[in-house]
Amino acid sequence: MPTPASSPTLRHLKQLMAQLLDGVILLDATGMILSANAAALRMHGIEKLEDLGASAEGYAERFTLRSGTGRRLKRRDYPLFRLLAGDSFPDEIVEVMPAGEDEVRWVHQVRDVTMDVDGGEPDYLALVLCDVSARFDAEARFKAMFQANPAPALVVRLSDLRVMRANQGFQALTGFGEDDLRGKALFGLDLLGGLADAKKVKTLIEEGRVVPQAEAELLAADGSRRLVLFAGQPIDVTQEDALLLTFADLQPRREAEQALAASERHLLTVFEMAPVAMAVTQGADRSITRVNAAFRALTGYDGAELTGPATDGQGVWDVRDAYHAADRLVAEHGTLRHYEARLRSRTGGLIDCLVSGEAINVDGTDCVLWVYQDVTERRRDELELAKAIDEVMQDTSWLSRSILDKLATLRRPQTQSPAEDLSPREREVLGLICDDLDDTGIAERLSLSRNTVRNHVARIYAKLGVSRRSGAVIWGRERGMGSHGS
């Protein structure tokens, strides 16, 4: 065999090795290390050839190796010893650290090369090294992040579409264990169901392309399915090409929506079956969106005649100004109670009502719930009673003063709000109303705008529980307001 120091072949090999980016350690058949290029030295954190060791044994004394899975290698399993034994190992991963240390310093991908001069036994053996530490560091970071990430996720190998990893979030979401998923075919497990375009999603996954967000029914260990939002992204931080599938649990949202829908159905049932007439208006135009059976029975209208964009809440009120006054009060205060008004039925008949209103929100839209209490019969009874009292009082010579006072009270029951509820300005405006001044005259007398006067009048109507100017005049004069007060 040629002497290494004088062999032109070895000299040529050294020249070639010096130009390579990969590391190369050159040995003879006896295990002596003949040479190593700068890249190989750098991959071991040294600068001189002798620090690598004079032989395979010397190398093993200076460096500790582990397998790619972290198992500590015995000397006979070191790539240099396997190379001397004639084993072939294309692209094997080993973790390298200085002897005496426990923390991995480098990760090498190694392969064997044998050379002979005359076609007989190998004259030279070469170990070719590629430093893949950065890739493995990235994979280690990804693995740690993947396991720690609470968002459910899977890693699927693209070569055979089998599950490589499932993080704790995915296991908690589905109830599957790691062993239930690892190595199993993604589509064989039938994990993803209920896809809007299952064929397209499957094609994207098979081709290793980005999978846009899509809703799916994710299989759980107990056989049930949960609504999820999932997406896929190719990743290159694993040893093999893979696809990262991430999931967001939409099942709580679905259950909340179902509960809300059930609640709304219950409320609609209560609304429809309520014994008092009710209607709902919404939007700036106050269109009627819903009326209940009691409202239809009270007015004679069916639902189609009242609901829709072409109708509004004032359409069934006998006096539109009264509706606008009531609507303004609901808009200002959010509520209205026992406002006196009249509805006009489909046949034209008038219905005396006590109206209450409440601002509500339906599906994110501001609405008003109106409740109409029919007091037509009560009003008729009150009028008949007042008429009877008037007839009795035509001849009061035989009645005592106390009886007269009680009859007067019965004739004009004071169920309305006391005068103390009116503000000083409202009392002033009511006094001028009792003096038969219209809004323009009141505005001129008090140096106010007509809009301000109208707002005062609307509030006075609401507080007194009347819907007409004549009702306010009677109420005020009975209490001594205005120059004509009794």
Side-chain angles (χ1 to χ4, degrees), residues 67-71 89-95 107 109-111 130 132-254:
S67 69
T69 60
R71 177 178 57 85
F89 43 89
D91 297 328
E92 184 168 314
I93 300 296
V94 292
E95 298 175 343
V107 181
Q109 182 173 295
V110 299
R111 63 183 184 275
C130 177
V132 292
S133 302
R135 191 187 83 192
F136 273 77
D137 285 346
E139 183 173 355
R141 288 194 299 271
F142 169 77
K143 188 182 298 184
M145 178 197 72
F146 178 77
Q147 290 298 339
N149 189 356
L154 289 176
V155 175
V156 178
R157 186 167 48 236
L158 289 179
S159 60
D160 56 8
L161 296 183
R162 293 184 180 273
V163 177
M164 297 173 64
R165 297 191 185 101
N167 71 353
Q168 293 295 325
F170 188 89
Q171 295 175 50
L173 177 65
T174 63
F176 286 115
E178 180 81 10
D179 295 337
D180 298 325
L181 300 167
R182 186 186 292 273
K184 305 294 177 62
L186 176 66
F187 294 110
L189 289 169
D190 193 27
L191 288 176
L192 300 174
L195 293 165
D197 192 344
K199 184 177 180 181
K200 180 180 177 181
V201 170
K202 185 176 181 181
T203 299
L204 291 172
I205 291 176
E206 290 173 342
E207 295 176 355
R209 294 161 58 191
V210 173
V211 182
Q213 286 187 348
E215 288 189 0
E217 300 281 346
L218 181 65
L219 179 67
D222 61 4
S224 64
R225 289 191 177 271
R226 298 182 68 87
L227 180 66
V228 296
L229 185 70
F230 89 101
Q233 176 67 44
I235 55 175
D236 58 359
V237 292
T238 57
Q239 295 183 39
E240 302 175 88
D241 290 338
L243 191 71
L244 174 66
L245 298 180
T246 55
F247 302 83
D249 187 11
L250 300 184
Q251 189 66 22
R253 188 193 75 180
R254 169 195 271 178

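Residue numbers run from 1 in the order of the sequence given. For the numbers below, each heavy atom of this structure counts, side chains included, while hydrogens, waters and symmetry mates do not.
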Can you measure from [atom1] ([X]) to [atom2] ([Y]) and round to the nearest 0.5 angstrom?
{"X": "Phe170", "Y": "Leu245", "atom1": "CZ", "atom2": "CG", "answer": "8.5 Å"}
{"X": "Leu244", "Y": "Met164", "atom1": "CG", "atom2": "CE", "answer": "11.0 Å"}
{"X": "Asp249", "Y": "Phe230", "atom1": "CG", "atom2": "CZ", "answer": "14.5 Å"}

Please step through side chain to side chain contact (heavy atoms under 4.5 Å, CB included) for the pair Ile93 and Gln109, ending with a clear verdict. CA-CA 5 Å; Ile93 300 296; Gln109 182 173 295; 3.7 Å; yes
Heavy-atom closest contact (Gly68 atom, Glu95 atom, distance): O-OE2, 3.9 Å
Nearest heavy atoms of Arg226 and Pro252, plus distance in Å: NH2-CD, 4.0 Å
Please table the atom pairs, donor to acceptor, closer than 3.5 Å between any side-chain atom in residues 202-210 and protein atoms at least two apart or in another chain.
unit_1: Thr203; atom_1: OG1; unit_2: Lys199; atom_2: O; d: 2.9
unit_1: Glu207; atom_1: OE1; unit_2: Arg209; atom_2: NH1; d: 2.6

Scan the side chains in residues 183-198 for donor-acceptor partners under 3.5 Å anywhere in the protein, sequence neighbours excluded, and list what turns up.
unit_1: Lys184; atom_1: NZ; unit_2: Asp180; atom_2: O; d: 3.4
unit_1: Asp190; atom_1: OD2; unit_2: Arg225; atom_2: NH2; d: 3.0
unit_1: Asp197; atom_1: OD1; unit_2: Lys200; atom_2: N; d: 3.2

Answer yes or no: is there a donor N or O on one side and an acceptor on the other, between the side chain of Glu215 and the main chain of Leu229, under 3.5 Å? no
Quick one: does any side-chain atom of Ser224 pair with a main-chain N or O of Ala220 as donor and acceptor, under 3.5 Å? no
Apply side chain to side chain contact (heavy atoms under 4.5 Å, CB included) to residues Leu218 and Gln251 and explain how you reach the verdict. CA-CA 10 Å; Leu218 181 65; Gln251 189 66 22; over 6 Å; no
Using atom types as modelled, flag every donor-acceptor pair under 3.5 Å from a side chain in residues 150-160 to any protein atom, sequence neighbours excluded.
unit_1: Arg157; atom_1: NE; unit_2: Asp160; atom_2: OD1; d: 3.1
unit_1: Arg157; atom_1: NE; unit_2: Asp160; atom_2: OD2; d: 3.4
unit_1: Arg157; atom_1: NH2; unit_2: Asp160; atom_2: OD2; d: 3.1
unit_1: Asp160; atom_1: OD1; unit_2: Arg162; atom_2: N; d: 3.2

Does Asp179 have more than 12 heavy atoms from other residues, nucleotides or ligands lying within 6.0 Å of its CG? no
